Protein chains: 2
Amino acid sequence: MQKTATEKSNDVIAAQLAPVGRETVQDRVYSELRRALIGGLFEPNQTLTIRGLADALVTSTMPVREALGRLITEKALEALPNRSVRVPPITLDRLDDLLRARILIEGEAIALAATRMTPRQISVIEGMLGEWDEMRALKHKKDVDHEVTLNQSFHFEIYRSCGSAVLIPMIESLWLQSGPCIRVAIYAFSEAGEVDTAHYHRRIVAALAVQDAAAAREALVADISRPFTFLRNKLQADAAAKSENRP
Amino acid sequence: MQKTATEKSNDVIAAQLAPVGRETVQDRVYSELRRALIGGLFEPNQTLTIRGLADALVTSTMPVREALGRLITEKALEALPNRSVRVPPITLDRLDDLLRARILIEGEAIALAATRMTPRQISVIEGMLGEWDEMRALKHKKDVDHEVTLNQSFHFEIYRSCGSAVLIPMIESLWLQSGPCIRVAIYAFSEAGEVDTAHYHRRIVAALAVQDAAAAREALVADISRPFTFLRNKLQADAAAKSENRP
DNA sequence: TCAACGCAAGTGTGATCACAAATCAAAAAT
DNA sequence: ATTTTTGATTTGTGATCACACTTGCGTTGA
């Protein structure tokens with residue numbers, strides 16, 4: 001494999017220039033909708049229209065409809081028989097279903113990561129712990145957005161270390177599906193008790209630091225179960241209150 | 001909720017008429033590509049073009065490009081930086097990764113199904129066993145297609161009983177991803193030893209019949225591991241042979 | 001002889017249009 | 001007053017086109 005003169009001179013240039021990367025409009029639309037979904041910016045049951053989103057994102061309908069199609073196959077959105085799409089509604093069954101799947105898959109991912117994370121990577125998520133405390137100290141009220149973002153970064157930094165190109169997309173799909181639910185729980189959390197979310201994350205980091213896969217899985221299960229059981233109780237309470245109003 | 005006169009007369013009609021269902025072209029293209037992928041009609045590393053598929057399926061490019069986009073997000077296809085799409089190549093790592101994920105998720109699904117399948121449903125998959133024997137008795141050579149179809153029906157009949165709307169799409173995604181690999185294994189199987197595939201299915205049915213979740217999971221793991229380890233050995237043998245030819 | 005250039009065919013992406021189906025509101029009928 | 005009908009608007013779907021980028025092959029030049 002001999003290199004020609006121009007190839008060699010090109011190598012010199014390549015060493016100084018960063019690849020520009022060509023992101024399509026569709027990709028940006030898709031990412032934007034994903035972000036909104038995971039962050040819970042859309043409410044469950046809300047219906048979305050192609051033209052409406054295209055206007056909001058200032059593009060034509062084409063990139064939007066393809067992005068919507070992709071999100072539908074991931075079950076992040078739902079295609080009604082009317083051919084309109086909506087954010088899937090929350091039901092008790094779905095909540096339990098999602099939690100069970102997340103415990104199963106994310107639990108496996110963190111168990112794998114526990115034996116593969118380098119000290120370097122551990123220190124990264126340890127740093128995130130500090131960032132969390134910082135945010136909590138300042139106590140800005142509208143930091144719910146930041147909180148979910150930080151939470152996401154923390155978890156996926158771990159999952160990325162599991163070394164499975166198959167599991168990670170599945171976890172992303174699960175987050176996409178539970179995003180609209182979680183938002184409700186987070187809001188309720190910051191209102192109600194100040195149960196320190198960081199405490200659970202600290203337990204996870206401690207387990208990972210000593211490569212204890214079982215403990216890490218256990219701590220993770222506790223972490224992700226919390227908002228789900230909270231939401232579950234809330235839903236049941238709401239249902240009870242409603243049936244009491246008109247028996 | 002009071003019904004009007006015409007609504008009630010409509011109900012009478014509705015009881016006799018089956019809903020016709022409005023399937024879009026895109027849906028048909030998507031289903032067709034799925035079928036081809038799971039059945040292993042596409043070879044790993046094969047590149048696909050929108051216009052080429054559109055010609056083959058006798059439609060315009062529009063439904064095809066959206067179907068391709070959906071398959072790419074499911075990791076059933078791969079988008080190269082060149083913006084061309086191909087069916088993902090097989091590597092040892094990917095093989096192990098897929099098998100681990102399938103054991104995890106399909107194992108959980110069958111364990112759930114074990115406690116939920118009705119005798120009626122058990123008898124259905126028992127009937128499939130008979131169909132399998134029948135096919136094997138006739139010994140038609142080109143029944144590989146029928147074999148993979150029957151295998152798929154058998155497994156998904158079980159998974160459908162797990163009662164999880166979240167797990168099933170994930171399993172479908174996994175089958176989509178391992179489809180192109182499995183085909184190679186199936187072919188090699190029918191050539192090589194006559195290891196009765198039905199034997200493993202029989203074990204599964206037996207375990208499900210007595211609602212033994214652990215045994216069902218174990219039998220399933222043996223069933224799906226077989227083609228994977230077979231393929232794994234084949235790949236390693238090929239690699240060894242190649243490196244021997246030019247040391 | 002082989003690298004470099006240039007042209008042509010092929011390909012994905014996005015925009016726009018036409019059409020059918022759904023939705024909604026006002027008008028008409030009971 | 002309630003139901004039905006009618007018509008206008010909205011919406012998803014598929015086709016077609018324009019554009020930019022890639023690829024492959026033949027030509028040119030050293």
Side-chain angles (χ1 to χ4, degrees), chain A residues 1-14 19-33 42 45-73 77-87, chain B residues 1-14 19-33 42 45-73 77-87:
Chain A
M1 188 63 77
Q2 188 72 16
K3 288 203 175 185
T4 67
T6 50
E7 273 178 338
K8 270 186 283 191
S9 80
N10 282 345
D11 283 354
V12 177
I13 298 177
V20 57
R22 225 159 32 97
E23 199 183 27
T24 65
V25 178
Q26 179 190 154
D27 289 336
R28 271 198 296 277
V29 171
Y30 178 69
S31 304
E32 190 59 21
L33 291 181
F42 294 135
N45 245 319
Q46 179 179 356
T47 78
L48 306 175
T49 67
I50 294 180
R51 285 177 174 89
L53 289 174
D55 287 349
L57 296 166
V58 197
T59 55
S60 79
T61 64
M62 187 62 54
V64 175
R65 57 197 270 193
E66 303 197 340
L68 283 187
R70 291 167 68 179
L71 289 168
I72 289 171
T73 68
L77 294 176
E78 199 176 30
L80 275 60
N82 322 344
R83 305 231 162 283
S84 64
V85 323
R86 70 167 177 192
V87 183
Chain B
M1 188 65 80
Q2 189 73 15
K3 290 205 175 184
T4 67
T6 52
E7 274 178 336
K8 270 185 285 190
S9 79
N10 283 345
D11 284 353
V12 177
I13 298 177
V20 57
R22 222 161 32 97
E23 199 182 28
T24 64
V25 178
Q26 179 191 153
D27 289 335
R28 271 197 296 276
V29 171
Y30 178 68
S31 305
E32 191 59 21
L33 291 181
F42 294 136
N45 245 316
Q46 180 179 356
T47 77
L48 306 175
T49 67
I50 294 180
R51 286 175 172 90
L53 289 173
D55 287 351
L57 296 166
V58 197
T59 54
S60 78
T61 64
M62 187 59 56
V64 174
R65 57 196 268 194
E66 303 197 341
L68 283 187
R70 291 167 68 178
L71 289 169
I72 288 171
T73 66
L77 294 177
E78 199 177 27
L80 275 60
N82 321 342
R83 303 234 163 280
S84 64
V85 324
R86 70 169 177 190
V87 358

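Values in this document were obtained by computation on a predicted structure and should not be read as measured data. Protein chains get the first letters and strands the later ones, always in sequence-line order, with residue 1 at the start of each. Side chains are part of it too, since the values below use all heavy atoms of this structure and drop only hydrogens, waters and symmetry mates.
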Q: In whole angstroms, how far is the C1' atom of D/dA20 from the CG atom of B/Asn82?
A: 15 Å

Q: Not counting sequence neighbours, which residues clear side chain to side chain contact (heavy atoms under 4.5 Å, CB included) with A/Ser60? List them please.
A: A/Met62, A/Pro63

Q: Between atom CG in A/Leu80 and atom C1' in D/dT11, what is the gap in whole Å?
A: 13 Å

Q: Specify the residue among A/Arg22 and A/Ile50 whose closest nucleotide of DNA chain D lies further upstream toward the 5′ end.
A: A/Ile50

Q: Indicate, with a heavy-atom threshold strictly under 4.0 Å, whether B/Leu48 touches base, sugar-phosphate, or nothing.
A: sugar-phosphate

Q: Which value, rounded to the nearest 0.5 Å, describes the distance between B/Glu78 atom CD and B/Asn45 atom CG?
A: 8.5 Å

Q: Indicate yes or no: does A/Arg70 engage A/Asp27 in a salt bridge with an N to O separation below 4.0 Å.
A: yes

Q: Where do B/Leu77 and B/Val87 land on the side chain to side chain contact (heavy atoms under 4.5 Å, CB included) test, with the steps shown first?
A: CA-CA 5 Å; B/Leu77 294 177; B/Val87 358; 4.0 Å; yes

Q: Roughly how far, to the nearest 0.5 Å, is CG of A/Asp55 from OG1 of A/Thr49?
A: 8.0 Å

Q: When the distance from CZ of B/Arg83 to C1' of D/dC19 is rounded to whole Å, what number comes out?
A: 15 Å

Q: Checking side chain to side chain contact (heavy atoms under 4.5 Å, CB included) for the pair B/Leu68/B/Leu33: CA distance, chi angles, key distance, verdict?
A: CA-CA 8 Å; B/Leu68 283 187; B/Leu33 291 181; 4.0 Å; yes

Q: Over how many whole Å does the gap from A/Arg86 atom CZ to D/dG12 atom P extend?
A: 15 Å

Q: Using the 3.5 Å cut-off, write out each protein N or O paired with an N or O of nucleotides 14-17 of chain C and the distance between them.
A:
residue	atom	partner	partner atom	Å
C/dG14	OP1	A/Val25	N	2.5
C/dG14	OP1	A/Gln26	N	3.2
C/dG14	N7	B/Arg65	NH1	3.4
C/dG14	N7	B/Arg65	NH2	2.7
C/dG14	O6	B/Arg65	NH1	3.2
C/dA15	OP2	A/Ser60	N	3.3
C/dA15	OP2	A/Ser60	OG	2.2
C/dA15	O5'	A/Ser60	OG	3.4

